[in-house]
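Shown next, in structure tokens, is the structure this report addresses.
What you see is a predicted model; the values in this text were computed from it and never measured.
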Amino acid sequence: MVISPHVIFAALVVGANAFAPSPIYSPTSSRFSSLQMSSGEYDFDVAVIGCGVGGHGAALHSRAQSLKTAVFAGGDVGGTCVNRGCVPSKALLAASGRVREMKDAAHLKDLGIEVEGEIKYDREGIAAHAKNLANRVKGNLEASLVGLGVDVIEGRGILTGKPNEIKDAATGKVYTAKDIIVATGSIPFVPPGVTVDEKTVYTSDGALELQSVPEWVAIIGSGYIGLEFSDVYTALGSEVTFIEAMDELMPTFDREIAKLAERLLIRDRPIDYRTGVFASEVTPGIPGEKPVTIKMIDAKTKEHVETLEVDAAMVATGRVPATSDMGLEDMGIETNRGFIAVNEKMQVLTKVEGGEIVPNVWCIGDANGKMMLAHAASAQGISVIENICGREHVVDHDAVPAACFTHPEIAMVGPTEEQCREKAEKEGWELGKSQGNFRANSKALAEGEGNGIAKVLFNKETGKVVAVHIIGIHAADLIQECANAVAAGTTVQELSMMVHTHPTLSEVLDEAFKGAVGMSSH
């Protein structure tokens with residue numbers, strides 16, 4: 001394998017970054033001096049607006065193709081994932097998870113362990129762990145961009161209305177690029193009637209700072225974000241109340257997995273919930289003096305049903321694209337609730353229905369709404385560069401995995417079982433289903449973590465894996481094998497004959513694959 005000198009240099013820069021002082025940022029438009037020379041008709045071959053995981057992935061792949069590349073960071077290298085999302089939340093979950101484990105005397109006793117005295121934690125220390133991790137990853141991202149010769153421009157990039165032009169909102173300077181990639185990400189959605197002060201009523205942005213551990217916190221929304229923070233809060237001693245507009249908790253999850261998750265993640269913890277209600281009015285309080293007030297109305301009748309007074313409220317009602325005030329209208333681009341319409345190649349369309357392709361303008365990640373996951377954004381960014389280089393590529397979103405990092409974890413790839421059955425009926429094929437169990441897995445039992453299942457859904461005629469849903473210890477790691485199988489079109493017949501290491505958690509999947517073809521796993 002031949003390794004590019006650019007990649008070697010980037011790796012050296014990233015390694016050195018851990019021991020080097022932070023670079024001094026210049027107030028000029030370009031944060032770092034460029035390693036590439038501007039020449040030709042345009043300033044750059046590729047300009048990326050936004051520097052989250054998607055924009056970063058696009059920029060690195062662009063430079064790997066020897067394209068002159070700029071990123072308009074908008075003062076937010078790393079974007080939501082690194083600074084206010086995936087990365088710091090995993091730090092909180094890791095720390096709080098340790099607290100939960102050490103407080104579980106019965107579990108420890110089964111392992112032959114006794115812990116004397118009270119288990120304590122330092123809230124500020126946990127918060128600092130999350131912040132330090134985010135800063136470290138952000139620094140590595142910056143170093144990798146610089147090392148590969150990407151121009152990192154400080155200001156927010158906006159479209160001017162003229163083809164191939166981007167303006168630095170900080171300085172007013174206009175740059176040109178042959179191709180422009182919009183990767184502006186998203187921001188938390190705050191429903192009407194909810195007042196956020198990021199102290200007693202906060203979004204995930206405020207929650208990640210862990211300014212306090214409320215005695216009683218209401219979480220509005222029971223999706224990925226709400227579930228993960230309920231895991232953090234209950235581990236650290238809070239009581240939690242979910243407020244969910246739909247009739248069931250975890251409405252976007254596979255129903256069988258959701259029911260098992262309710263038993264493992266909610267019933268056995270200090271959590272209660274209200275379903276089928278809207279938080280129509282949420283008023284911040286004053287810590288230690290005045291409670292947060294939440295008025296709830298019936299989701300169908302809109303009649304008032306209850307008012308809660310809690311110590312804090314977290315708004316976890318999803319995210320909306322950060323696409324306002326960036327000149328889209330000047331380019332003739334209509335958005336739908338802020339989302340930018342794209343085709344399967346991520347080329348921007350003038351509108352959702354019957355829209356025309358906007359030449360040389362692309363959109364990836366949360367801004368297009370196809371799949372609001374950091375790794376999906378990165379995959380889309382790489383795909384765009386492939387298409388720019390003339391190598392036609394389309395991301396298979398059915399093969400992109402997702403995970404919820406609770407204890408135990410939930411992970412999935414492909415549609416839910418309910419969606420698979422609809423798809424099978426519509427397309428005229430029979431859906432097969434097979435299951436592996438953590439309670440039959442030696443490694444899971446050795447960890448004292450026998451709860452959970454892995455469910456494999458497949459096309460009985462072709463044997464191809466359509467979807468997999470897992471709840472159990474390290475489900476987020478186990479799902480990758482399944483995502484690879486979906487992407488490659490691997491059949492359950494082929495998977496059933498593949499050897500899995502013993503004793504490992506991967507044998508839960510081996511059991512499911514073998515069961516799909518009538519075999520038994522030992």
Side-chain angles (χ1 to χ4, degrees), residues 89 92-93 96-97 100 188-196 200-204 206-207 212-285 291-319 403-410 412 416 418 451-452 469 471:
S89 66
L92 294 185
L93 284 158
S96 62
R100 185 186 300 281
F189 170 64
V190 179
V194 177
T195 302
V196 171
T200 59
V201 179
Y202 40 77
T203 64
S204 55
S212 66
V213 178
E215 186 175 336
W216 182 13
V217 57
I219 299 179
I220 305 170
S222 61
Y224 292 81
I225 298 172
L227 274 180
E228 289 187 352
F229 273 95
S230 76
D231 200 283
V232 171
Y233 282 127
T234 54
L236 298 182
S238 299
E239 294 183 4
V240 171
T241 296
F242 275 116
I243 298 174
E244 173 57 56
M246 304 302 286
D247 291 334
E248 296 178 299
L249 291 174
M250 298 166 273
T252 61
F253 287 64
D254 178 275
R255 293 326 304 160
E256 183 178 11
I257 296 296
K259 289 178 181 178
L260 186 51
E262 184 177 338
R263 178 170 69 82
L264 298 177
L265 301 176
I266 294 178
R267 289 183 194 170
D268 292 340
R269 298 179 180 179
I271 300 176
D272 66 353
Y273 55 86
R274 314 286 192 274
T275 57
V277 294
F278 287 123
S280 61
E281 186 178 333
V282 180
T283 305
V292 173
T293 303
I294 304 174
K295 295 181 179 179
M296 290 178 284
I297 60 173
D298 186 278
K300 296 182 178 66
T301 67
K302 304 299 185 290
E303 294 180 358
H304 178 265
V305 292
E306 186 179 0
T307 297
L308 283 181
E309 291 186 345
V310 295
D311 298 302
M314 178 181 176
V315 184
T317 48
R319 302 182 66 84
C404 183
F405 294 85
T406 46
H407 295 83
E409 295 173 345
I410 305 171
M412 66 290 292
T416 65
E418 295 74 26
N451 289 316
H469 296 267
I471 180 170

Hydrogens and angles aside, do [X] and [Y] bring a side-chain donor and acceptor to less than 3.5 Å of each other?
{"X": "Tyr233", "Y": "Glu228", "result": "no"}
{"X": "Ser238", "Y": "Trp216", "result": "no"}
{"X": "Ser230", "Y": "Arg269", "result": "no"}

Which atoms form the tightest heavy-atom contact between [X] and [Y], and what is the distance?
{"X": "Val201", "Y": "Pro284", "result": "CG2-CA, 3.6 Å"}
{"X": "Phe229", "Y": "Leu92", "result": "CE2-CD1, 4.1 Å"}
{"X": "Ala279", "Y": "Val194", "result": "O-CG2, 4.0 Å"}
{"X": "Met250", "Y": "Arg255", "result": "O-NH1, 2.8 Å"}
{"X": "Arg319", "Y": "Ser204", "result": "NH1-OG, 3.9 Å"}
{"X": "Ala218", "Y": "Ile243", "result": "CB-CD1, 4.3 Å"}

What is the distance from atom [atom1] of [X] to atom [atom2] of [Y], rounded to the nearest 0.5 Å?
{"X": "Ile257", "Y": "His469", "atom1": "CD1", "atom2": "NE2", "value": "7.0 Å"}
{"X": "Ile294", "Y": "Glu306", "atom1": "CD1", "atom2": "CD", "value": "9.5 Å"}
{"X": "Ser222", "Y": "Arg274", "atom1": "OG", "atom2": "CZ", "value": "13.5 Å"}
{"X": "Asp272", "Y": "Thr241", "atom1": "CG", "atom2": "OG1", "value": "3.5 Å"}
{"X": "Ile266", "Y": "Leu227", "atom1": "CD1", "atom2": "CG", "value": "6.0 Å"}
{"X": "Ile471", "Y": "Thr406", "atom1": "CD1", "atom2": "OG1", "value": "6.5 Å"}

Contact between [X] and [Y] at the side-chain level, heavy atoms closer than 4.5 Å - yes or no?
{"X": "Ile220", "Y": "Phe242", "answer": "no"}
{"X": "Thr203", "Y": "Val190", "answer": "yes"}
{"X": "Met296", "Y": "Leu308", "answer": "yes"}
{"X": "Pro291", "Y": "Val310", "answer": "no"}
{"X": "Val292", "Y": "Thr283", "answer": "no"}
{"X": "Thr275", "Y": "Leu249", "answer": "yes"}
{"X": "Thr234", "Y": "Arg100", "answer": "yes"}
{"X": "Glu239", "Y": "Val217", "answer": "no"}

> Taking the six-membered ring for Trp, are the ring centroids of Tyr224 and Phe253 within less than 6.0 Å of each other?
Replying inline: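 Close enough - the centres of the two rings lie under 6.0 Å apart.
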> Counting only heavy atoms not in Glu418, do more than 12 sit closer than 6.0 Å to its CD atom?
Replying inline: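 Enclosed.
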>> With a 6.0 Å cut-off (strictly less than), is the heavy-atom count around CZ of Phe189, excluding the residue itself, greater than 12?
In response: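 Yes.
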> Applying salt bridge (Lys or Arg N to Asp or Glu O under 4.0 Å), which residue pairs with at least one partner in residues 293-305 are found, sequence neighbours left out?
Replying inline: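 Qualifying pairs, neighbours excluded: Asp247-Lys300, Glu281-Lys295.
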> Considering residues at least two apart in sequence or located in another chain, which fulfil the salt bridge (charged side-chain N to carboxylate O under 4.0 Å, His left out) criterion with Asp268?
Replying inline: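 Salt bridge (charged side-chain N to carboxylate O under 4.0 Å, His left out) list for Asp268, sorted by chain: empty.
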>> Using side-chain contact (heavy atoms from CB on, under 4.5 Å), reason through Ser280 and His304 one step at a time and then give a plain yes or no.
In response: CA-CA 9 Å; Ser280 61; His304 178 265; 5.8 Å; no
> Is a side-chain N or O of Asp231 found less than 3.5 angstrom from the main chain of His407, in a donor-acceptor match?
Replying inline: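 Present.
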> Are Thr195 and Val282 close enough, and set up right, to give a side-chain contact (heavy atoms from CB on, under 4.5 Å), and what steps lead you there?
Replying inline: CA-CA 6 Å; Thr195 302; Val282 180; over 6 Å; no
